[in-house]
Engineer: 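The structure under discussion is supplied below as structure tokens; questions concerning it will follow.
First the proteins, then the strands, lettered A, B, ... as listed; each starts at 1. What you see below is based on every heavy atom in this structure, not just the backbone, and it leaves out hydrogens, waters and symmetry mates.
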There are 2 protein chains.
Amino acid sequence: MQTPADTSAKKPSRIQARNRRRILEAALDVFSVEGYRGATLDQIAQASGLSKPNILYYFDGKEAIHVTLLNAMMETWVEPLRRLDPEGEPLEELLRYIRRKLEMSREYPRESRLFANEIVQGAPRMRPHLEHGLKPLVDEKAALIARWVAEGRLAPVEPRHLIMSIWATTQHYADFEAQIAVLMPEGDVWDDAAAHVEGMFRKLLAPEGG
Amino acid sequence: MQTPADTSAKKPSRIQARNRRRILEAALDVFSVEGYRGATLDQIAQASGLSKPNILYYFDGKEAIHVTLLNAMMETWVEPLRRLDPEGEPLEELLRYIRRKLEMSREYPRESRLFANEIVQGAPRMRPHLEHGLKPLVDEKAALIARWVAEGRLAPVEPRHLIMSIWATTQHYADFEAQIAVLMPEGDVWDDAAAHVEGMFRKLLAPEGG
DNA sequence: TCGTGGCTTTACCAAACGGTAAAAAGCCGG
DNA sequence: CCGGCTTTTTACCGTTTGGTAAAGCCACGA
């Protein structure tokens, strides 16, 4: 009786799980390239190998697919920041965070572009999530960094702008991949990027004349 | 006899110039938010105050408007990099470039987002321009920076990744404005950004223990 | 063997899309 | 105030869009 479209139902069958995964996989391909408005259900249908009505059997509509993708992604996306440890050594904690962030850009470029599209276009479907999910976390971690700076364990830096710089430099390699591919010579772009970014933030954050 | 749609014609009348400007202005609003596929001629028509057929009287189609915007923009967009002076003092030249770049993000956020949309979505209509217009310029300036580094007038840095970092950090404030607006406390975001970014790259680039 | 419930397809729809033809309305020098 | 042009509007067109109704398919327990 109840359709698999409403996630509140109890146990998804094996086939439901498989098809929902296939749809989300295909939708990630399409949304991350075309953006929400530019993507079409027909593209997602073709990419997933399912028919359009069949897709609407598993999801309540185009927007539901998009929202599902964004939510699922944000979980893992902010994980690295959440793991920034107040008990750890400040510089090493931040460098580890930066490394992890760059690694995620390399491993999940589609997710990064999905997010980039949503934000560039004004975050119409994510602003609540930003305000109630991301902002408190950023506030918390910014306060932590500010404490580290006050204790002289980090060079003086504006915490929020530091975080912005980290996001900007790391996600750039995924979001602007098309540009990178044209401008960078063949070779280990990601390895060079890791070395460059880590060196850059090490210089910025190292306390004293370390 | 000839329609104003083909730019190869001689003199545009006063009214042609005015309406083409109005269309491009409106189209910039729409394309920079929705991306190419997400934008519609009806939106542009409504935003410009002209009717849809009237818009197609001045431009050969949706794509022609988009291409016109991108070309017009790229001119001014790479200006700052082009002005990087081989005769100048390396650190000051680069910091001036960074300042100018951030200024442009503040002054032309729509243009930045137009570009961001195009690149995130794979640069389908701009790859030729990237290869034949931007790449040679980047190659030239990367060589210049490499020379400065070799001469010991800059701290060792990978030139191309340096340029990427500059673009990433400066454009981020325009492209992800929706996120910035949520996460940053009220106040001079742009002024703080300028101080942060300049300080960051000064530390990165200053030669020796300067 | 027969349902019965979960899954899939076929055949649609109204609205929105980019674009066109041609008539109507301005505009302006003579 | 007229004739010829540029500009604008009206009325469309074929296609694509997100979405729906309903019939068909399929495995499996009684």
Engineer: Scan Thr40(B) against the nucleic acid and name what it touches under 4.0 Å (heavy atoms): base, sugar-phosphate only, or nothing.
Structural biologist: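 Answer is sugar-phosphate: Thr40(B) comes under 4.0 Å of backbone atoms only.
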Engineer: Give one of base, sugar-phosphate or nothing for Arg18(A), where a contact means two heavy atoms less than 4.0 Å apart.
Structural biologist: nothing
Engineer: Are Asn117(B) and Gln121(A) close enough that a side-chain donor and a side-chain acceptor fall under 3.5 Å?
Structural biologist: yes
Engineer: I need the OH-P distance between Tyr57(A) and dA22(D), as an integer number of Å.
Structural biologist: 17 Å
Engineer: Can you tell me how far C1' of dA16(C) sits from CG of Asp42(A), to the nearest Å?
Structural biologist: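 After rounding, the gap between these two atoms is 14 Å.
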Engineer: Distance alone, cut at 3.5 Å: any donor-acceptor contact between the side chains of Glu79(A) and Thr76(A)?
Structural biologist: no
Engineer: Gln16(A) CD to dG6(C) P: how many Å, rounded?
Structural biologist: 9 Å
Engineer: From the options dT8(C), dG18(D), dT9(C), select the nucleotide whose nearest atom is closest to the side chain of Lys62(A).
Structural biologist: dG18(D)
Engineer: What contact category does Ala39(B) fall into here, base, sugar-phosphate, or nothing, at under 4.0 angstrom with non-hydrogen atoms?
Structural biologist: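 Answer is sugar-phosphate: Ala39(B) comes under 4.0 Å of backbone atoms only.
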Engineer: Find which nucleotide of DNA chain D each of Lys52(B) and Ile55(B) is nearest to by heavy atoms, and output the residue with the more 5' nucleotide.
Structural biologist: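 Counting from the 5' end, the first nearest nucleotide belongs to Ile55(B).
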Engineer: Base, sugar-phosphate, or nothing for Arg37(A), non-hydrogen atoms under 4.0 angstrom?
Structural biologist: sugar-phosphate
Engineer: Assess whether atom CD of Gln46(A) is packed by more than 12 heavy atoms of other residues, nucleotides or ligands within 6.0 Å.
Structural biologist: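 Open: at most 12 neighbouring heavy atoms sit under 6.0 Å from CD of Gln46(A).
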Engineer: Which residue in the set Glu177(B), Glu25(B), Glu34(B) passes salt bridge (Lys or Arg N to Asp or Glu O under 4.0 Å) when paired with Arg110(B)?
Structural biologist: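 Filter result, single survivor: Glu25(B).
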Engineer: Which of these nucleotides, dT9(D), dG18(C), dT20(D), is closest to any side-chain atom of Pro53(A)?
Structural biologist: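 Per side-chain heavy atoms of Pro53(A), the pick is dT20(D).
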Engineer: State whether Asn19(B) places a side-chain N or O below 4.0 Å from either non-bridging phosphate oxygen (OP1 or OP2) of dT6(D).
Structural biologist: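 No, Asn19(B) has no side-chain N/O under 4.0 Å of OP1/OP2 on dT6(D).
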Engineer: Rounding to an integer number of Å, can you tell me how far Asn54(B) CG sits from dT6(D) P?
Structural biologist: 15 Å
Engineer: Using the side-chain heavy atoms of Leu56(A), tell me which of these nucleotides is nearest: dG19(D), dC17(C), dT8(C).
Structural biologist: dG19(D)
Engineer: What are the two closest heavy atoms between Ala174(B) and Ser105(B), and how far apart are they?
Structural biologist: CB-O, 3.5 Å
Engineer: When all nucleic acid strands are considered with a 4.0 Å heavy-atom cut-off, which category describes Ile15(A): base, sugar-phosphate, or nothing?
Structural biologist: sugar-phosphate
Engineer: For the side chain of Leu41(A), counting heavy atoms from C-beta on, which of dT8(D), dC7(C), dG19(D) is nearest?
Structural biologist: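 Within the option list, the nearest is dG19(D).
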Engineer: NA contact type, Ala45(B), heavy-atom cut-off 4.0 Å: base, sugar-phosphate, or nothing?
Structural biologist: nothing
